[in-house]
Amino acid sequence: QVQLVESGGGLVQAGGSLRLSCAASGRTFSSYAMGWFRRAPGKERDFVAAISRSGGSTYYADSVKGRFTISRDNAKNTVYLHMNSVKPEDTAVYYCAVARYSSSYVPLGVADFGSWGQGTQVTVSS
């Protein structure tokens with residue numbers, strides 16, 4: 001059973017930047033794709049970004065493309081989400097997740113990820 005520990009959330013002004021981190025343990029980190037999801041108040045959990053196991057391919061939701069960047073450091077078993085030019089609508093609990101299966105492909109759906117972090121709150125003020 002993989003364990004994920006998130007950090008980096010907090011309060012940030014609109015237009016500012018924030019970096020979220022997620023440290024993984026309990027499995028071979030470099031063999032699995034990783035993803036970030038978020039849940040805003042009153043809304044369902046939505047896809048934000050995903051990265052292939054090698055870090056060579058990345059995918060983003062249209063709402064964050066051009067503003068957020070996902071990256072990973074396999075030597076540190078850590079995945080990051082760099083958030084730039086944040087907006088009030090980015091306010092949500094952000095979750096990192098590991099893919100259910102070892103593959104070179106990148107999953108994009110909630111059901112394709114088998115382990116989740118506890119979530120970290122990001123609040124963007126205007």
*Can you name the closest pair of heavy atoms from Arg67 and Ser85 and give their distance?*
NH1-O, 3.1 Å
*Hey, what do you get for OG (Ser54) to CG (Asn74), rounding to the nearest 0.5 Å?*
8.0 Å
*Worked verdict on Trp36 versus Met83 for side chain to side chain contact (heavy atoms under 4.5 Å, CB included)*: CA-CA 12 Å; Trp36 285 97; Met83 306 168 63; over 6 Å; no
_Between Thr91 and Thr123 (side chain of the first, backbone of the second, donor and acceptor by atom type, cut-off under 3.5 Å), is there such a pair?_
no
*Would Thr78 and Asp73 satisfy side chain to side chain donor-acceptor pair (under 3.5 Å), going step by step from the backbone distance to the final call?*
CA-CA 5 Å; Thr78 302; Asp73 186 338; over 6 Å; no
*Measure from NZ or CZ of Arg100 to the centre of the six-membered ring of Tyr32, then state whether that distance is under 6.0 Å and the direction lies within 45° of the axis.*
no
*Do the side chains of Val98 and Trp116 join up, straight or via other hydrophobic residues, at under 4.5 Å, putting them in one cluster?*
no
*Is there side-chain contact between Leu108 and Tyr59, with heavy atoms separated by less than 4.5 Å?*
yes
*Hey, does Ser102 have a side-chain heavy atom less than 4.5 Å from the side chain of Arg53?*
yes
_ILVMFWY network linking Val110 to Ile70, side-chain heavy atoms under 4.5 angstrom_ = no
_Under 3.5 Å donor-acceptor, Arg39 side chain and Val93 backbone_ = no
_Any Met34 side-chain heavy atom under 4.5 Å of Leu4 side chain_ = yes
*Please answer whether the main-chain N or O of Val122 pairs with a side-chain N or O of Arg38 as donor and acceptor at a distance below 3.5 Å.*
no
*Which atoms form the tightest heavy-atom contact between Tyr60 and Phe68, and what is the distance?*
CE2-O, 3.3 Å
*asked:* Would you compute the distance between atom CD of Gln118 and atom SG of Cys22 and round it to the nearest 0.5 angstrom?
replied: 7.5 Å
*Going from OH on Tyr80 to CZ on Arg19, what distance comes out if it is rounded to the nearest 0.5 angstrom?*
5.0 Å
*Taking all heavy atoms of Phe113 and all of Ala33, pick out the closest pair and write down the distance.*
CE2-O, 4.3 Å
*Quick one: are His82 and Ser71 in side-chain contact, heavy atoms under 4.5 Å?*
yes
*With a cut-off of 6.0 Å (strictly less than), are more than 12 heavy atoms of other residues, nucleotides or ligands near CD of Glu89?*
yes
*Indicate, with yes or no, if Val64 and Leu18 share a hydrophobic cluster defined by side-chain heavy-atom contacts under 4.5 Å among Ile, Leu, Val, Met, Phe, Trp and Tyr.*
yes
*Between the main-chain N or O of Leu20 and the side-chain N or O of Glu6, is there a donor-acceptor pair closer than 3.5 Å?*
no
*Go through the steps to decide whether Val48 and Leu81 satisfy the test side chain to side chain contact (heavy atoms under 4.5 Å, CB included), and finish with yes or no.*
CA-CA 9 Å; Val48 176; Leu81 185 69; 4.3 Å; yes
*Check the pair Phe37, Phe47 against ring pair (Phe, Tyr, Trp, His ring centres under 6.0 Å), reporting the backbone distance first and the verdict last.*
CA-CA 5 Å; Phe37 295 77; Phe47 169 77; 5.8 Å; yes
*Do any N or O atoms from the side chain of Ser17 and from the backbone of Asn84 form a donor-acceptor pair under 3.5 angstrom?*
no
*If you take all heavy atoms of Ser52 and Ser104, which pair is closest and at what distance?*
CB-O, 4.2 Å
*Taking the side chain from Gln3 and the backbone from Ala24, do they hold a donor-acceptor pair closer than 3.5 Å?*
no
*So, do Thr120 and Ser7 sit near enough that their side-chain heavy atoms are less than 4.5 Å apart?*
no
_Ser30 backbone acceptor or donor facing Thr28 side chain under 3.5 Å_ = no
